[in-house]
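One structure is given below, encoded as structure tokens.
Nothing here was measured: the structure is a model prediction, and the numbers come from that model.
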Amino acid sequence: METKILVINAGSSSLKYQLIDMNGEKVLAKGICDRIGPGGHIKHVTADGRKYEADVPMPTHAEAFDAFMSAMTGEEYGVIRSLDEITAVGHRIVQGGAIFKESCLVNEKVIEDIEALGELAPLHNPAHVLGIRACIRCLGDKVPQVVVFDTSFHATMPPKAYMFALPYEYYTKYQVRKYGAHGTSHRYVSGRCAELIGKKGLRIVTCHLGNGCSISAVKDGVCIDTTMGLTPLDGLMMGTRSGAVDPSAILYLMDKEGLTPAQMSDILNKKSGALAISGVSNDNRDICEAAFAGNERAALSRDMQNYQIEKYIGAFAVAMGGLDAIVFTGGIGENSWETRGDVCHDLGCFGVKINDELNRGTRGKEVELSTPDSPVRVFIIPTEEELMIARDTLALLKQ
Ligand code: ADP
């Protein structure tokens, strides 16, 4: 039987999509609609390389849906004859809070709960709901829809890892705790790593390093800790996000500069991280280039980021009672030999040894970097979040 799953990642002004044929898990077409609201632009590409790009008015997510669905079914850029060929839809959802411990089928109550969790993810959850509603409008309510949460993989963390040492009533009243993010990516790469090693009971540290960066401790397939917190701002410094900072520094600055919470949030999320330290860019490639050309702040930014990655790997090795493997994924993890090389060399106390030549020459490919005598195995595993969403969607259909 033909099974084609549409995967949707709806943001506030953008919508990414992939149509995956589950027979062989092949991507048939993918694309992005952005500038939803004030404008509208679509970029669509098919597996056989046909590309379509155009400005199309998209006042709401509904028009974005119409635009990519007509590309998908049209003569020139189409990959299916009609929308009836879409078996089901899987949606990426950033925040599932304490409610959604796993992926589930969409119904009205699920939509309401995702909307209510918008308080914890104001930039994301409301946009996901717009995506789900636009999808129902376009495909009708007969096509099953599934929601897959960035937080679910972290739902197994014990309270000692997810609680903040704040007055307890803030946890009971507002559910303020660590939820983590990038869970679908950590789940995919840790599962794939265990498959490659072919053993159970592994202690794996997964490093998702992209514009957003997070590290997870995965013990025997179960996440026991992660670096992101209530929101994806915590943990490692990132492209434009600060990562963990002494909370007093933030209060002090708000007072000194007369900043509102919204202004401070903007600074912490968009004007901090590698961009702020390097003064060059939020992009790892530009920062490496500047650092190697002698720019001291760019070098400091690299040093800080690498140091933080190494510290969390060490902390999570202790949390798991040992370390069997490290996985690098995300734009930086998959592509930057510089970051992987520096981090692995600084992990000498764990005996980590990698093949430097292989590391230098590998970009965006699944590869084992560690040498045969390294007690800790090191892998690059390109993440496949959309495929995981499609797999979950299919699994729920079969239940
Ligand atoms: P997002 O978190 O938005 O999904 P990505 O996972 O695409 O981001 O990662 C973006 C980061 O990956 C950027 O900092 C970019 O510089 C880095 N990156 C992408 N390609 C390379 C490369 N060839 N070498 C080094 N860094 C790269």
Are a donor atom and an acceptor atom from the side chains of S242 and S272 found within less than 3.5 Å of each other?
-> no
Distance-only donor-acceptor check, side chains S278 and S301, under 3.5 Å | no
Side chain to side chain donor-acceptor pair (under 3.5 Å) with K178: of D225, T226, D234, only one passes, and it is D225
Under the side-chain hydrogen bond (donor to acceptor under 3.5 Å, both in side chains) rule, collect the residues that match up with H61, sequence neighbours excluded.
-> none
Whether over 12 other heavy atoms sit under 6.0 Å from E296 CD = no
How many angstroms lie between atom CZ of R192 and atom CD1 of I204, to the nearest 0.5 angstrom?
-> 12.0 Å
Residues D21 and K4 bridged, charged N to O under 4.0 Å | no
Compute whether any side-chain donor of one residue and acceptor of the other, for N9 and H91, lie under 3.5 angstrom apart.
-> no
pair T339-I309: side-chain heavy atoms closer than 4.5 Å = yes
Residues L105 and P144: closest non-hydrogen pair is CD2-CB, 4.1 Å
Which class fits the ring pair F68 and F65: parallel under 30°, tilted 30 to 60°, perpendicular over 60°?
-> tilted
Quick one: are I215 and F316 in side-chain contact, heavy atoms under 4.5 Å?
-> yes
State the CD-OG1 distance between E384 and T329, to the nearest 0.5 angstrom.
-> 9.0 Å
4.5 Å side-chain heavy-atom contact, I20 and V7 | yes
State whether a side-chain donor-acceptor pair under 3.5 Å links S281 with D286.
-> yes
Let me know which of N359, N335, T362 forms a side chain to side chain donor-acceptor pair (under 3.5 Å) with R340.
-> N359
Taking only Lys NZ, Arg NE, NH1 and NH2, and the carboxylate oxygens of Asp or Glu, determine whether D346 and K311 approach each other closer than 4.0 Å.
-> no
Which ILVMFWY residues can you reach from W337 by hopping between side chains whose heavy atoms are under 4.5 Å apart?
-> none
Note, M388 side chain near R391 side chain (heavy atom, < 4.5 Å) = yes
Verify whether one side chain among H182 and S216 offers a donor that lies under 3.5 Å from an acceptor in the other.
-> no
Donor-acceptor pair between E169 and T172 side chains, under 3.5 angstrom | no
Mind listing the closest non-hydrogen atom pair of V367 and L358 along with its distance?
-> CG1-CD2, 3.7 Å
Check whether more than 12 heavy atoms from other residues, nucleotides or ligands sit under 6.0 Å from atom CD of Q263, and answer yes or no.
-> yes
Residue pair H186 / T206, side-chain donor-acceptor N/O under 3.5 Å | yes
Using a 4.5 Å side-chain heavy-atom cut-off and chaining through intermediate ILVMFWY residues, the residues clustered with F149 come out as I93, I99, F100, V106, V110, I111, I114, L117, L120, V129, I132, I136, V147, F164, L166, Y170, Y174, V176, Y179, L230
For E368, side-chain hydrogen bond (donor to acceptor under 3.5 Å, both in side chains) partners two or more places apart = S370, R377
Give the other cluster members for I287, using side-chain heavy-atom distances under 4.5 Å between Ile, Leu, Val, Met, Phe, Trp and Tyr residues; answer none if it is isolated.
-> none
Where do P126 and A121 come nearest, in terms of heavy atoms and distance?
-> CD-O, 3.5 Å
Heavy-atom distance under 4.5 Å between the side chains of Q18 and L6, does that happen here?
-> no
Side-chain ion pair, E85 and R81, N-O less than 4.0 Å = yes
Determine the minimum heavy-atom distance between L19 and V79, stating which atoms define it.
-> CD2-CG2, 3.9 Å
So which heavy atom on V376 is nearest to which on F350, and how close?
-> CG2-O, 3.7 Å
Is any NZ, NE, NH1 or NH2 atom of the basic residue among D220 and K200 found under 4.0 Å from an Asp or Glu carboxylate oxygen of the other?
-> no
Side chains of E385 and T184: is there a donor and an acceptor less than 3.5 Å apart?
-> no
Between the side chain of Q95 and the main-chain N/O of G97, is any donor-acceptor distance below 3.5 Å?
-> yes
Would you call R133-E108 a salt bridge at under 4.0 Å N-O?
-> yes
For the student: nearest non-hydrogen atoms of D34 and M58, plus distance | O-SD, 4.3 Å
Please determine if R302 and E338 form a salt bridge, counting it only when a charged side-chain N lies under 4.0 Å from a carboxylate O.
-> no
Just wondering, are more than 12 heavy atoms of other shown residues or ligands nearer than 6.0 Å to CD in E357?
-> no
When you check the gap from the basic side-chain N to the acidic O, do D113 and K109 get nearer than 4.0 Å?
-> yes
Would you say the side-chain atoms of D55 and H41 include a donor-acceptor pair closer than 3.5 Å?
-> yes
Residues at least two apart in sequence or cross-chain that pass side chain to side chain contact (heavy atoms under 4.5 Å, CB included) with H44, listed by chain then number, are Y17, A29, I42, T46, Y52, A71, M72, Y77
